Structure formats: C-alpha cells, structure tokens
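Working notes, structure below.
In this chain, residues are counted from 1 in sequence order. Predicted model only: the values in this text are computed from it and were never measured.
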Amino acid sequence: MLTKLQDQLKESMKKRDEVRTSVLRMLISDFKYAQIEKRGTLDDAESVQVIKRAIKKRKESIEMYEKGGRADLAAKESAELKILQEFVPAEMDEETIRQKVSEVIIELGATDKKEMGRVMKELLSRYKGQIDGKVAQKIVSEKLGS
C-alpha cells in the first residue's frame, strides 16, 4: 500500500495537483508513524485502519467546520475526504447494514439492549472495514430497543 501511495504521490506532483499531493504526503507520513509504532511493516488490514483514521478525522473536521459556519474549510476537508476514500474498500449502505444487523441478532438470539455489546462486537469483527460503526450502533439500538 505504501508503494502505491508513493507512486500516486509522484504522479500527483507531476500533474501539480496540490490537494492530492498534500493528502498523499500526509497519508504516507501516517503510514510511517504506524510502522514505527508497530516496529515493522503493516499488513493490508492495518493499512486500511490507518486510512480509516484519516477519514474519520476529516469527517469530524467537516462537521465542526459546518457548525462553525466555515464552508470554505469544510469544502477543503471534503475534497481531501474524497481522495482518501479512493484507498479503502467501499462501506456498506444503510440498507445492507440493516440486513446484516438482523442476521447477527437472529444468529445470536439477542432480544434486548443488554446484548447490544455482544451484537456490535460480532458485527464489527465479521464486517471489519466494511461497516460504519455509528450507523450500525444506531440500527442495533433501534432493533433491540423494540
């Protein structure tokens, strides 16, 4: 993944795409910090997690800038977010998540909110990187709350 990012960085520098170049440099830096923390190379799952953390930061920043009335900064973060999302597998849409939540609840025999943690743990381990935890939590809460 790191080699792919470095190749894309070279390409974006040749095209003089400043936003993409900036995002790729930041991402490569995040990868190198993660490798130092691990004291070794990252596997594919760990690489995706590094990118997911960067995506999460962007989403939080967009939300805060919009609340603060800074549409210009929110737009910049949105542009960076789109670039980052190119490097991760697509997440499930809400309807698919609802279906998966129902399947897991039935398999585990969960009936009330006390078992929400168990359902969430199973969902996130089974569909790691493919499912948005906040959306899944909301759906699980709705289904077990009834």
Side-chain angles (χ1 to χ4, degrees), residues 1-105 107-108 110 113 115-145:
M1 181 64 95
L2 187 58
T3 346
K4 179 181 176 184
L5 290 173
Q6 289 170 333
D7 291 342
Q8 292 220 0
L9 175 63
K10 288 176 192 173
E11 193 65 33
S12 71
M13 288 171 73
K14 286 178 185 174
K15 292 180 180 177
R16 299 192 188 279
D17 185 346
E18 291 178 25
V19 175
R20 188 173 189 83
T21 301
S22 169
V23 170
L24 290 171
R25 281 184 175 150
M26 176 274 313
L27 201 52
I28 289 170
S29 172
D30 288 350
F31 268 89
K32 288 182 179 178
Y33 278 118
Q35 286 178 335
I36 291 168
E37 260 182 41
K38 185 183 176 191
R39 295 189 174 135
T41 58
L42 303 175
D43 62 21
D44 288 342
E46 293 166 328
S47 297
V48 169
Q49 285 307 111
V50 170
I51 300 169
K52 290 259 185 193
R53 278 194 298 268
I55 287 173
K56 184 178 179 185
K57 286 178 190 175
R58 293 304 179 290
K59 286 180 179 178
E60 290 170 354
S61 296
I62 290 168
E63 189 177 312
M64 291 176 66
Y65 287 140
E66 287 174 347
K67 283 181 184 176
R70 296 294 309 261
D72 55 327
L73 295 175
K76 177 184 177 278
E77 294 288 329
S78 293
E80 291 178 3
L81 178 64
K82 286 179 185 168
I83 294 168
L84 289 170
Q85 288 174 330
E86 294 174 17
F87 299 102
V88 291
E91 287 186 343
M92 295 180 194
D93 63 343
E94 190 169 338
E95 191 55 42
T96 309
I97 294 173
R98 283 188 185 283
Q99 181 183 355
K100 301 299 182 188
V101 166
S102 296
E103 290 172 9
V104 170
I105 288 174
E107 283 178 31
L108 297 177
K113 282 201 181 234
E115 298 176 275
M116 185 172 170
R118 201 172 69 148
V119 172
M120 286 299 297
K121 183 178 179 182
E122 179 64 26
L123 267 173
L124 294 176
S125 68
R126 194 180 290 185
Y127 303 109
K128 189 171 189 151
Q130 301 172 349
I131 199 166
D132 184 347
K134 286 184 180 180
V135 174
Q137 184 178 12
K138 183 184 88 170
I139 295 170
V140 170
S141 181
E142 288 172 8
K143 297 220 182 236
L144 293 179

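For Thr21, the side-chain hydrogen bond (donor to acceptor under 3.5 Å, both in side chains) criterion is met by Ser12, not counting sequence neighbours. In this structure Arg53 satisfies the side-chain hydrogen bond (donor to acceptor under 3.5 Å, both in side chains) test with no other residue, sequence neighbours excluded. By the salt bridge (Lys or Arg N to Asp or Glu O under 4.0 Å) test, Glu103 is found to be paired with no residue, residues two or more places apart in sequence or in another chain being considered. Partners of Val48 by side chain to side chain contact (heavy atoms under 4.5 Å, CB included), not counting sequence neighbours, listed by chain and number: Lys52, Val88, Pro89. In terms of the side-chain hydrogen bond (donor to acceptor under 3.5 Å, both in side chains) criterion, Gln49 has no residue partners (sequence neighbours excluded). In this structure Ser102 satisfies the side chain to side chain contact (heavy atoms under 4.5 Å, CB included) test together with Lys143, sequence neighbours excluded.
Within 6.0 Å of CE on Met64 lie no more than 12 heavy atoms contributed by other residues, nucleotides or ligands. No more than 12 heavy-atom neighbours from other residues, nucleotides or ligands sit within 6.0 angstrom of NZ on Lys57.
Separating the CG atom in Leu27 from the CD atom in Gln6 is a distance of 11.0 Å, to the nearest 0.5 Å. How far OG of Ser29 is from CG of Leu24: 12.5 Å, rounded to the nearest 0.5 Å.
Residues Gln8 and Phe87 share a closest heavy-atom pair of OE1-CZ, 3.4 Å. Closest non-hydrogen pair, Ala110 versus Glu115, comes out as CA-OE1, 3.4 Å.
Of the charged side-chain nitrogens involved, none lies within less than 4.0 Å of a carboxylate oxygen, so that Glu122 and Arg118 do not count as a salt-bridged pair.
The shortest distance between side-chain heavy atoms of Glu142 and Arg98 falls below 4.5 Å.
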What side-chain donor-acceptor pairs closer than 3.5 Å can you find for residues 31-42, not counting sequence neighbours?
residue	atom	partner	partner atom	Å
Lys38	NZ	Thr41	O	2.9
Lys38	NZ	Glu46	OE1	2.8
Lys38	NZ	Glu46	OE2	3.4

Would you be so kind as to tabulate the donor-acceptor pairs closer than 3.5 Å made by side chains of residues 130-139, with sequence neighbours excluded?
residue	atom	partner	partner atom	Å
Asp132	OD1	Lys134	N	3.2

Less than 3.5 Å apart, which donor and acceptor atoms pair up between the side chains of residues 78-85 and the rest of the protein, not counting sequence neighbours?
residue	atom	partner	partner atom	Å
Ser78	OG	Ala74	O	3.0
Glu80	OE1	Arg58	NE	2.6
Glu80	OE1	Arg58	NH2	3.3
Glu80	OE2	Lys76	NZ	3.0

side-chain contact (heavy atoms from CB on, under 4.5 Å) assessment of Asp93 paired with Thr96: CA-CA 5 Å; Asp93 63 343; Thr96 309; 2.3 Å; yes
Criterion side-chain contact (heavy atoms from CB on, under 4.5 Å) on Met1 and Ile51, from CA distance to verdict: CA-CA 10 Å; Met1 181 64 95; Ile51 300 169; 3.9 Å; yes
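Sorted by first and then second residue, the pairs that involve residues 5-30 and meet salt bridge (Lys or Arg N to Asp or Glu O under 4.0 Å), not counting sequence neighbours, are Arg20-Glu86. Counting only residues at least two apart or on different chains, the side chain to side chain donor-acceptor pair (under 3.5 Å) pairs with a member in residues 61-75 are Arg70-Asp72.
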